[in-house]
Undergrad: 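Structure in structure tokens, see below.
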Amino acid sequence: MTPEQAHARLHEFTVIDVRTAAEYAAGRVPGAKNIPLDQLDQALPALKSAAKRAELIIVCASGARAARAQKILTAHGVGAVLLTGGTNAWQQGGYELERTEGTRPPWAMERQVRLTAGSLVLTGLLAGLRWPLARFLSAGVAGGLVFSALTNTCGMARLLAKLPFNRARTCDLNTTLTKLSD
């Protein structure tokens, strides 16, 4: 569903944001509930209940994590639609994002991945000038990026999401699940 379509009918949906709690706090579609992708299995009963009352729309930053969440939900018999392009497209469409007061926006996960991948490649190349085997670090990162593009997954993003600065603002999953189940 495009941001334009979703905005026009936003009141009809239960919006589920599957990004990390820090990303969610920095800016989200109005009314979105935060259930990070790595906690989705725990939320399945509440999501099934919520889907009976209103159609679910799944959101992340660009759409990749939301697509994975949709596959998980579909496999468990829960229907959901995706917000095409995620919160990035929502904001580019001129729609406002809700923000948690007092939060400083973290870097987007894609930016963190680019920094980490670029740093590892550069480190491998520079270290390779002295120790030729260090170039395998650059080759490994390059292979990982190709695999990531082909499968539309990102193992590096999963690892980065576990770092303290991405976990600093925790998701109150129990409160969210209670609201969804009511």
Undergrad: May I ask you to test the Leu56-Val81 pair for a side-chain heavy-atom distance under 4.5 Å?
TA: no
Undergrad: Enter the distance from Tyr24:OH to Cys60:SG here, rounded to the nearest 0.5 Å.
TA: 15.0 Å
Undergrad: Is there a path of hydrophobic side-chain contacts, each under 4.5 Å between heavy atoms, that joins Val59 and Phe13?
TA: yes
Undergrad: Any side-chain to backbone donor/acceptor pair from Arg9 onto Gln5? Under 3.5 Å, distance only.
TA: no
Undergrad: Is a donor on one side and an acceptor on the other found under 3.5 Å between the side chain of Arg135 and the backbone of Gly128?
TA: yes
Undergrad: If hydrophobic clusters are built by linking Ile, Leu, Val, Met, Phe, Trp and Tyr wherever their side-chain heavy atoms come under 4.5 Å apart, do Val141 and Leu126 end up in the same one?
TA: no
Undergrad: Which residues pass the salt bridge (Lys or Arg N to Asp or Glu O under 4.0 Å) test with Glu4, not counting sequence neighbours?
TA: none
Undergrad: Among all residues two or more places apart in sequence or in another chain, which pass the side chain to side chain donor-acceptor pair (under 3.5 Å) test with Glu96?
TA: none
Undergrad: What pair of heavy atoms forms the shortest contact from Thr2 to Thr84, and how long is it?
TA: N-OG1, 4.1 Å
Undergrad: Would a single hydrophobic cluster contain both Val121 and Leu160, if residues Ile, Leu, Val, Met, Phe, Trp and Tyr are joined by side-chain heavy-atom contacts under 4.5 Å?
TA: yes
Undergrad: Working to the nearest 0.5 Å, report the span between CD1 of Ile57 and CG of Leu10.
TA: 7.5 Å
Undergrad: Suppose clustering is done on Ile, Leu, Val, Met, Phe, Trp and Tyr with side-chain heavy atoms closer than 4.5 Å. Which residues sit in the same group as Val146?
TA: Leu150
Undergrad: Verify, without hydrogens or angle tests, whether Asn34 (side chain) and Ile16 (backbone) share a donor-acceptor contact under 3.5 angstrom.
TA: no
Undergrad: Please list, chain by chain and in numerical order, all residues satisfying side chain to side chain donor-acceptor pair (under 3.5 Å) with Gln92, sequence neighbours excluded.
TA: none
Undergrad: Would Val29 and Asp17 count as a side-chain contact (heavy atoms from CB on, under 4.5 Å) here? Give the steps.
TA: CA-CA 8 Å; Val29 172; Asp17 190 320; over 6 Å; no
Undergrad: Between Arg65 and Val18, is there a donor-acceptor pair closer than 3.5 Å when you use the side chain of the first and the backbone of the second?
TA: no
Undergrad: Under 4.5 Å between side-chain heavy atoms, counting indirect links through other Ile/Leu/Val/Met/Phe/Trp/Tyr residues: same cluster for Met1 and Leu82 or not?
TA: no
Undergrad: Quick check against the 3.5 Å criterion: does Glu98 have a side-chain atom that pairs as donor or acceptor with the backbone of Gly31?
TA: yes
Undergrad: Could you state the interatomic distance from NZ (Lys162) to CG (Asp38), rounded to the nearest 0.5 Å?
TA: 5.5 Å
Undergrad: Would you list the pairs meeting side-chain hydrogen bond (donor to acceptor under 3.5 Å, both in side chains) in which at least one residue belongs to residues 113-127, sequence neighbours left out?
TA: none
Undergrad: Please check this pair: side chain of Glu23 against backbone of Thr20, looking for a donor-acceptor N/O pair closer than 3.5 Å.
TA: yes
Undergrad: Keeping to residues at least two apart or across chains, list the side-chain hydrogen bond (donor to acceptor under 3.5 Å, both in side chains) pairs with something in residues 142-161.
TA: Thr151-Thr153
Undergrad: Going by salt bridge (charged side-chain N to carboxylate O under 4.0 Å, His left out), name the pairs with one or both residues in residues 119-133, residues two or more places apart or in two chains.
TA: none
Undergrad: In chain order, what residues pass the side chain to side chain donor-acceptor pair (under 3.5 Å) check against Glu55, with sequence neighbours excluded?
TA: none
Undergrad: Evaluate the side-chain proximity of Met156 to Val113: yes if any heavy-atom separation is below 4.5 Å, no if none is.
TA: yes
Undergrad: With sequence neighbours excluded, tell me which residues meet ring-ring contact (aromatic ring centres under 6.0 Å, His included) with Phe136.
TA: none
Undergrad: Looking only at atom types and distance, does a side-chain atom of Ser62 sit under 3.5 Å from a main-chain N or O of Gly85, one as donor and one as acceptor?
TA: no
Undergrad: Decide yes or no on side-chain contact (heavy atoms from CB on, under 4.5 Å) for Leu97 and Arg28, but give the supporting numbers first.
TA: CA-CA 5 Å; Leu97 294 176; Arg28 61 194 167 273; 5.6 Å; no
Undergrad: Measuring from Leu47:CG to Leu73:CG, what's the distance to the nearest 0.5 Å?
TA: 6.0 Å
Undergrad: Would you give the length of the straight line joining atom CD1 of Ile35 to atom CZ of Arg19, rounded to the nearest 0.5 angstrom?
TA: 13.5 Å
Undergrad: When rounded to the nearest 0.5 angstrom, what is the spacing between CG in Leu137 and CH2 in Trp131?
TA: 12.5 Å
Undergrad: Excluding sequence neighbours, so at least two apart, what forms side chain to side chain donor-acceptor pair (under 3.5 Å) with Ser138?
TA: none
Undergrad: Specify the closest pair of heavy atoms between Ala80 and Gln70, including all atoms of both residues, with the distance to one decimal.
TA: O-NE2, 2.7 Å
Undergrad: With sequence neighbours excluded, give me every ring pair (Phe, Tyr, Trp, His ring centres under 6.0 Å) pair touching residues 50-99.
TA: His7-Trp90, His7-Tyr95, Trp90-Tyr95
Undergrad: With sequence neighbours left out, write down each residue that passes salt bridge (Lys or Arg N to Asp or Glu O under 4.0 Å) with Arg68, or none if nothing qualifies.
TA: none
Undergrad: Should Leu120 and Leu163 be regarded as members of a common hydrophobic cluster, given that ILVMFWY residues are connected when their side-chain heavy atoms come within less than 4.5 Å of each other, either directly or indirectly?
TA: yes
